[in-house]
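Per chain, numbering begins at 1; letters A, B, ... match sequence-line order. Note that the structure is predicted; figures quoted are calculated from it, not measured. Worth knowing before you read on, the calculation uses all heavy atoms, side chains too, and leaves out hydrogens, waters and symmetry mates.
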There are 2 protein chains.
Amino acid sequence: MASQRNAHTPASINDVAALARVSIATVSRVLSGKRTKEDDIARRVRDAAAELDYSVNRSASALRGADTKTLGLIVPSASRPFCGQLINALEEAADDRGYQLFVGVGSNHALQNARFESLLDRNVDGMIIVPAEGANVGSMAAHHPHRLPVVQIGGRHHAVGTSLVSIDPVLGMEELIVHLSAQGVRSVATLMDKQMSFEAAEQLSMLHTQLRSYSIETETRWHTICEPTMSAGFYTVVEMFTEPSDDTADGITSSAGIAPGVVNAAEGFTAGHTAFDNMSTKNGASGLPILANRVVINDHPDAIICYNERTACGAITALTAMGLHVPNDVCVVTSGFSHHKSITGLEAPFGRIVAESLRLIGNGPDYSAHISLPPTLSVQMTSLRRAGDRTWRNEQVG
Amino acid sequence: MASQRNAHTPASINDVAALARVSIATVSRVLSGKRTKEDDIARRVRDAAAELDYSVNRSASALRGADTKTLGLIVPSASRPFCGQLINALEEAADDRGYQLFVGVGSNHALQNARFESLLDRNVDGMIIVPAEGANVGSMAAHHPHRLPVVQIGGRHHAVGTSLVSIDPVLGMEELIVHLSAQGVRSVATLMDKQMSFEAAEQLSMLHTQLRSYSIETETRWHTICEPTMSAGFYTVVEMFTEPSDDTADGITSSAGIAPGVVNAAEGFTAGHTAFDNMSTKNGASGLPILANRVVINDHPDAIICYNERTACGAITALTAMGLHVPNDVCVVTSGFSHHKSITGLEAPFGRIVAESLRLIGNGPDYSAHISLPPTLSVQMTSLRRAGDRTWRNEQVG
DNA sequence: TTGTACGCGTTATCAC
DNA sequence: GTGATAACGCGTACAA
């Protein structure tokens, strides 16, 4: 006898079995795909399920079966562009494979560890973690006896037994150089992070190797370190591109301009605010006296590689103010991520990241690996020289 | 007899009951808090649970009990700042209450509806939906016989039986006017959306009422519509603040400056890119000819209300280029959200949004309501006049 | 190939 | 307040 059926209680496997005049075991086998034969029985079962609007109770399935078809994702903050895009990509890929995504947010190791335990209690089939600053994924996973596939996305402290999917900054630098070279760039300057990380040092090392192999010139004084603010990028570039002049009438101010299209990075916008503050109060309302008695030198680089979008914005603003055209006179790119798709830079290959992560999780907890992926080059107007434009400018000048 | 215990299989309620020498029913009652008395039995149970590292199997609990302690959140895109911040706030509040958060992403009605059904299958206790453009939450919820608390965040099409938590744009406008008035602003201009929505029309109506009650002047020609780009904001403000001049030597260009700290909005950065493109190619490398033969008029507004961060950036850039100080000469605010905390504007009250949403869900499916919350004012440098600064500038000018 | 029966871990019900 | 037991819905070993 089937259970009491009415509109307010969803159908169970018993109801489907009764309607299809088969046993619940057959229903289970047909619906789970373990019975491949396509005969009258299979059809009756499917029809009955459709008519009753039946869907398996995942709680019961999880209780009896081996997996829950759920995945846990732990991020430091969902409002970080990287994490938001990762959620988008991962949710879609998980849905395709019949998985549902639990999201946990933790801005430090302790919080992420707490989320890790909560998700462990929910019997997730796998865990994907973007470690917070200072968080140690290894210690989260090792502290628990459960054997669960764990994939770490990015970050440094990698532990045995957990997988790591990361983006190779060196490959990214290589892509940038190749692109700049293809644009006809002959000389390159860099704005680097004041607190240089291990990866940044690797990048810089790679840079010089690449520059040599593409016969791109560079000078020691063109390699600068600068704070991660727009104004720091601005001043650094002005310093690099100009020298003092006695003839004030011929100064840059006569051709000073604005680049209203320059954009700022989304992360850490406090710095952007600070930049505005500094510029407007220190110099009053009448622009930038720093440019008044300076002239652009002839011997300046063709391209500038900035370590993030903010400093690149400052650089573009400075170049435009000095009367130099971006990208025809100077290309500006960032060796970091181009979140806003406004400045040429790198993009995380989210499709591949989630595909590899899900593959590793599917392979089980004993199959761990370290996968390093190349970032994607995102070409924008700040480095895309078109033949026509270049000619046009040359005509203007000549 | 308790189950076979070893390090690889987690403890069950039977193991705890055996160790504490009580029945499994008592264990369940103590650990679920349905038994408040704090005696030896309660202590024994808790100690046993701790020793065995026991935690309830949520799948079994969900199967037998009434709820799953899970919540579903459906957003159009996790990389939208609003959604990212909502996830952050909701995840924390849910965790506090012992809930785990499922996240679904769907950029249109069909996808959101598919996620809705998936989460329904997972037996979530409540659903929170940020509707995508054109998505109808009512039709998702109504199409299914399940009676589940559904809360819609923002958006237009509200359905009976589901709750709606939204942010009142009119209250936001009021807060802005009060703030500007307190800063000594006497006259106001607006940059409004070209495709004016119903909310925007309400806001504009409210604006005029408020301006009157605070004796703030305005002129018809100061109320403009403009595209959502930085360059549109730039040109609109230039047009509003200047007039043609015959005396080229006294033009604005002699005091043209740069505001490298201006920032752009995170949403739809394609527009920002387009702006850059236009500015740099149309005008060549030598700045903005548009300013060359124009002078700032005396009769200009004290403050500009822009409808988003992008146009506000353009406005700030234009003002700075014209030699006007922000905020001492002109305040710039946005009547939209200030995602980057760089321009004075509004902020969604995420704490209250999630608190109200969870309260509505806790009250069950029959308790639906429409809750309208005031946005929070986010005061930044672009409108914060300090007495000292103003005096300082007056001295400079005098 | 099909059906029966049991067990998964928990909570609700009922008798004490 | 406590303990025994039934039930939740499903998957699967085993018997037919």
*Asks:* Any salt bridge linking A:Asp47 with A:Arg44? Criterion: basic side-chain nitrogen under 4.0 Å from a carboxylate oxygen.
*Replies:*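 Looking at A:Arg44 together with A:Asp47, the answer is no, because their closest N to O distance does not fall below 4.0 Å.
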*Asks:* Is the distance from OP1 or OP2 of C:dA12 to the nearest side-chain N or O of B:Lys34 less than 4.0 Å?
*Replies:*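 True: B:Lys34 side-chain N/O within range (under 4.0 Å) of C:dA12 OP1/OP2.
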*Asks:* Rounded to whole Å, please give me the gap between CG in A:Leu63 and C1' in D:dG11.
*Replies:*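 Rounded to the whole Å, the gap is 10 Å.
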*Asks:* In whole angstroms, how far is the P atom of D:dG9 from the CG atom of B:Asp121?
*Replies:*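 These atoms are roughly 15 Å apart.
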*Asks:* B:His370 versus B:Val165: any side-chain heavy-atom pair under 4.5 Å?
*Replies:*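 With C-beta onward as the side chain, the pair stays apart.
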*Asks:* Rounded off to whole Å, could you give me the CG-to-P distance for the A:Asp67 and D:dC10 pair?
*Replies:*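 These atoms are roughly 15 Å apart.
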*Asks:* Rounded to whole angstrom units, what separation is found between the CG atom of B:Asp15 and the P atom of C:dC8?
*Replies:*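 That distance rounds to 11 Å.
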*Asks:* Within the 4.5 Å heavy-atom criterion, are A:Asn108 and A:Glu133 side-chain neighbours or not?
*Replies:*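 Counting from C-beta outward, A:Asn108 and A:Glu133 never come under 4.5 Å.
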*Asks:* Once the angle between the rings of A:Phe102 and B:Phe102 is folded into 0 to 90°, is it parallel (under 30°), tilted (30 to 60°) or perpendicular (over 60°)?
*Replies:*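 Parallel.
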*Asks:* Any side-chain heavy atom of A:Val151 within less than 4.5 Å of one from A:Ser163?
*Replies:*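 When only atoms from C-beta onward are counted, A:Ser163 and A:Val151 do touch, with a gap below 4.5 Å.
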*Asks:* Figure out the CD1/C1' separation between A:Ile13 and D:dA7, and round it to whole Å.
*Replies:*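 For the pair A:Ile13 CD1 and D:dA7 C1', the rounded distance is 17 Å.
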*Asks:* Drop me the distance from B:Ile353's CD1 to B:Leu358's CG, to the nearest 0.5 angstrom.
*Replies:*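 Result: 11.5 Å between the selected atoms.
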*Asks:* Can you tell me the distance, in whole Å, between the CZ atom of A:Arg44 and the C1' atom of C:dT2?
*Replies:*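 It is 12 Å, rounded to the nearest whole Å.
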*Asks:* Scan side-chain atoms only and decide if A:Ser55 and B:Asp121 contain a donor-acceptor pair under the 3.5 Å cut-off.
*Replies:*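 Yes, side-chain donor-acceptor contact under 3.5 Å.
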*Asks:* Below 4.5 Å, heavy atoms only, C-beta onward: do B:Tyr54 and B:Leu31 meet side chain to side chain?
*Replies:*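 Yes; the side chains approach each other to less than 4.5 Å.
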*Asks:* Using only side-chain N and O atoms of B:Ser28, determine if any of them is under 4.0 Å from OP1 or OP2 of C:dT11.
*Replies:*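 Yes, such a contact exists.
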*Asks:* Would A:Thr68 and A:Asn123 count as having a side-chain donor-acceptor pair, cut-off 3.5 Å?
*Replies:*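 On atom types as modelled, these side chains do not qualify, holding no pair under 3.5 Å.
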*Asks:* Check nucleotides 3-7 of chain C for protein N or O atoms closer than 3.5 Å to its own N or O atoms and list the pairs.
*Replies:*
unit_1: C:dG3; atom_1: OP2; unit_2: A:Ser23; atom_2: N; d: 3.1
unit_1: C:dG3; atom_1: OP2; unit_2: A:Ser23; atom_2: OG; d: 3.2
unit_1: C:dG3; atom_1: OP2; unit_2: A:Thr26; atom_2: OG1; d: 2.8
unit_1: C:dG3; atom_1: N7; unit_2: A:Arg29; atom_2: NH2; d: 2.9
unit_1: C:dG7; atom_1: N2; unit_2: A:Arg64; atom_2: NE; d: 2.4
unit_1: C:dG7; atom_1: N3; unit_2: A:Arg64; atom_2: NE; d: 3.4

*Asks:* In this structure, how many angstroms lie between the C1' atom of C:dT10 and the CG atom of A:Asn57, rounded?
*Replies:*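 After rounding, the gap between these two atoms is 13 Å.
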*Asks:* If I take atom CZ in residue A:Arg58 and atom C1' in nucleotide C:dC8, what distance separates them, rounded to the nearest angstrom?
*Replies:*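 Answer to the nearest Å: 17 Å.
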*Asks:* Kindly calculate the angle separating the two end axes of the helix from C:dT1-D:dA16 to C:dC16-D:dG1, each obtained from five base pairs, and round it to 10 degrees.
*Replies:*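 Nearest ten degrees gives 40° for this helix.
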